[in-house]
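A short worksheet on the structure shown next.
Everything numeric in this text was worked out from a predicted model, so none of it was measured.
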Amino acid sequence: MSPSDLSANQPASPAPGRNVLARAFIPLAVGAILFLIPVPEGLTPNAWRYFALFCAVMTGIVTEPMPPAALGLIGVGLAAALKLVSPAASASRDWALSGFANGTVWLIFSAYMFALGYTKTRLGRRIALLLIRFMGHRTLGLGYAIALSDLALAPFMPSNTARSGGTIYPAIRNIPDLYDSYPNDPSARRIGAYLMYTALATTCVTSSLFLTALAPNVLSLGIVSNTLGLEISWLTWFQGIAPVGLLMFAIVPWLLYKVYPPQVTESPDAPRWAADELTKLGPMKPAEKTLLVLVSIALTLWIAGGDYINATIVSILVVGLMVVLRVVTWQEILSNTAAWNVLIWFGTLVTLAKGLADTGFIDWVARTLQPHLSGHSVFLSALLITAAYYAMHYLFASTTAHVSALFPVFLAVALTLPGFSPTGWALVLSYTVGFMGILTPYATGPSPIYYGSGYVENKDFWRLGLILGGLFFAAFILIGIPWIRFLEM
């Protein structure tokens, strides 16, 4: 039912207002309770009050009484107005605006512009259809075609919801019908269930494989940049995760074919359907060719040009060229509310996380917990802290909320442990964020889309989430952790 239908049927109902009040009460209560608790030993009153405000904002991001970006803006404004971070008004202002000077925040904004180009030119849909036409003769090949479609888009689409839910899902949604496989029906297992879950699983892998494939990846490194002064490049990110990410990418469609097998193993109709859809698209338009050249230039410079030009500057220049070459218009950029929303949201979240460090709260947490975690081997320390960070995502319906609330604290604790440099620990924690999207039907943006498609039963969603979530984590611990240590030697 649409919102308009709801309002038409219940014009006088106060329930929505009560619901908003209930969701607003929880973060306010959390902030008030923490504010009234006596200041712990070793902390200044302002540091504890700032933490209370921070927790209220993070809780509000989970309960959503208003848009998260607005909450972030209010939180930063209150902290600056109350001078919780600095006693000087000018310094408070500079702190409040510091997140918007963070290069990684603008990198994610630029990546949203790339996604706009993919959607407008329909290049993303063309890539998916081409792969289905060439690889879709067998169901397993169709699974790999879906995976490769996501892989081709992932470096340039930081929203896995837009990439998988907005581009891949519409392209594959019509395929099950060709084989009489329907949602909310026993026939779903013929082919539809396998295709839908493969699309979700592979987007969780690509979300960890590339820095710019998931907005919270960039948020994590933005927090690292603002709090530790460390810059981690696109290429450094890829080098650290490549052995695990590429292995998982290679085996996931095959593994699901074995543990969640489709009843239909041949799919001759899918290539014909894709060919018909490509005919409707017609030959590549000039705008598609231009976009393909521009994103290729961006990817090349991200990989090989780090010593000469910053990745954020590359992205900004490419966005400018997209406007000059009429791939997108300036009005379309101004109208892209999702991108501007993310810019404000992440700019404020990076600032709020920086405030935890600036007030000394992070150092206090690290000093408090360090005695309880020291004395273990490097491997066991990494296992314990990563497992806790990963498993706590069962409590979150947003990877952004997860990173915002937990990453600064977990990073602070990790930095007290031996075995990795600050960069190494930042990567160890950050790499898991994409993978954890597989855990639940609400774990990441595309999850509700594929869950709501009706092809994958509830029990299967949880069961497969546990299996693949465990596999992703085990592969990262057994391969990724030693590999990151090797790179740091």
Side-chain angles (χ1 to χ4, degrees), residues 106-136 144-172 174 199 202-203 206 209-213 234-235 238 270-306 308-309 311-336 338-339:
W106 284 97
L107 178 63
I108 203 69
F109 174 82
S110 299
Y112 266 82
M113 296 302 109
F114 292 171
L116 171 64
Y118 269 110
T119 302
K120 180 186 175 183
T121 65
R122 309 194 76 182
L123 178 61
R125 178 173 175 81
R126 185 182 298 277
I127 290 171
L129 291 171
L130 283 169
L131 287 166
I132 292 170
R133 189 180 75 177
F134 286 114
M135 300 180 62
Y144 276 101
I146 291 169
L148 288 169
S149 300
D150 197 292
L151 183 72
L153 299 173
F156 310 102
M157 297 186 76
S159 167
N160 58 3
T161 305
R163 180 173 76 249
S164 190
T167 302
I168 304 296
Y169 175 76
I172 66 173
N174 299 302
T202 52
T203 206
T206 59
L209 187 57
F210 302 109
L211 170 61
T212 46
W234 192 95
L235 182 58
F238 181 75
R272 287 195 288 268
W273 168 81
D276 290 341
E277 292 297 307
L278 286 166
T279 300
K280 294 176 185 177
L281 282 179
M284 282 191 74
K285 310 298 188 296
E288 290 181 82
K289 296 177 182 178
T290 302
L291 178 62
L292 188 59
V293 171
L294 291 176
V295 296
S296 299
I297 291 171
L299 185 59
T300 301
L301 290 174
W302 286 348
I303 295 172
Y308 308 101
I309 184 169
T312 303
I313 301 304
V314 170
S315 301
I316 291 173
L317 289 174
V318 170
V319 170
L321 287 172
M322 288 170 64
V323 175
V324 170
L325 298 174
R326 301 180 181 241
V327 175
V328 297
T329 67
W330 183 246
Q331 188 59 45
E332 286 169 334
I333 288 178
L334 293 177
S335 301
N336 192 328

Derivation of the side chain to side chain contact (heavy atoms under 4.5 Å, CB included) call for I132 and I172:
CA-CA 9 Å; I132 292 170; I172 66 173; 4.3 Å; yes
For the OG1 atom of T212 and the CZ atom of F238, what is their distance to the nearest 0.5 Å?
11.0 Å
Do V319 and F109 come close enough that some side-chain heavy atom pair is under 4.5 Å?
no
Heavy-atom check, side chain of V328 versus side chain of M113, under 4.5 Å:
no
I127 and S149: which non-hydrogen atoms are nearest, and at how many Å?
O-OG, 4.3 Å
Going from CG on L130 to CG on L148, what distance comes out if it is rounded to the nearest 0.5 angstrom?
12.0 Å
Pairwise distance CZ(R122) to CG(L281) - rounded to 0.5 angstrom
5.0 Å
Roughly how far apart are I309 CD1 and L317 CG, rounded to 0.5 Å?
5.5 Å
Could you report the tightest heavy-atom contact between F210 and A154, atom names first, then the distance?
CD1-CB, 3.7 Å
Y308 side chain near L301 side chain, heavy-atom distance below 4.5 Å:
no
Within the structure provided, determine whether W273 and L129 are in side-chain contact (heavy-atom separation under 4.5 Å).
yes
Test of understanding: with side-chain contact (heavy atoms from CB on, under 4.5 Å), list the residues that count as partners of I316, not counting sequence neighbours.
S110, T312
Calculate, to the nearest 0.5 Å, the distance between atoms OG1 and CE belonging to T121 and M284 respectively.
8.0 Å
For residues 312-333, which residue pairs pass the salt bridge (charged side-chain N to carboxylate O under 4.0 Å, His left out) check, not counting sequence neighbours?
K120-E332
Could you work out, with side chain to side chain donor-acceptor pair (under 3.5 Å) as the rule, every residue matching T206, not counting sequence neighbours?
D150, R163
Only counting residues at least two apart or in another chain, list the ones meeting salt bridge (Lys or Arg N to Asp or Glu O under 4.0 Å) with R133.
none
Parallel, tilted or perpendicular: which describes the rings of F156 and Y118, with under 30° parallel and over 60° perpendicular?
tilted
Contacts of type ring pair (Phe, Tyr, Trp, His ring centres under 6.0 Å), residue Y169, not counting sequence neighbours:
Y450
Could you tell me if the side chain of P155 sits less than 4.5 Å from the side chain of W234, heavy atoms only?
yes
Excluding sequence neighbours, so at least two apart, what forms side chain to side chain donor-acceptor pair (under 3.5 Å) with R126?
E288
L209 CG to T202 OG1 distance, which is reported to the nearest 0.5 Å
11.5 Å
Determine yes or no for a side-chain-to-main-chain donor-acceptor pair under 3.5 angstrom, with S164 supplying the side chain and T203 the backbone.
no
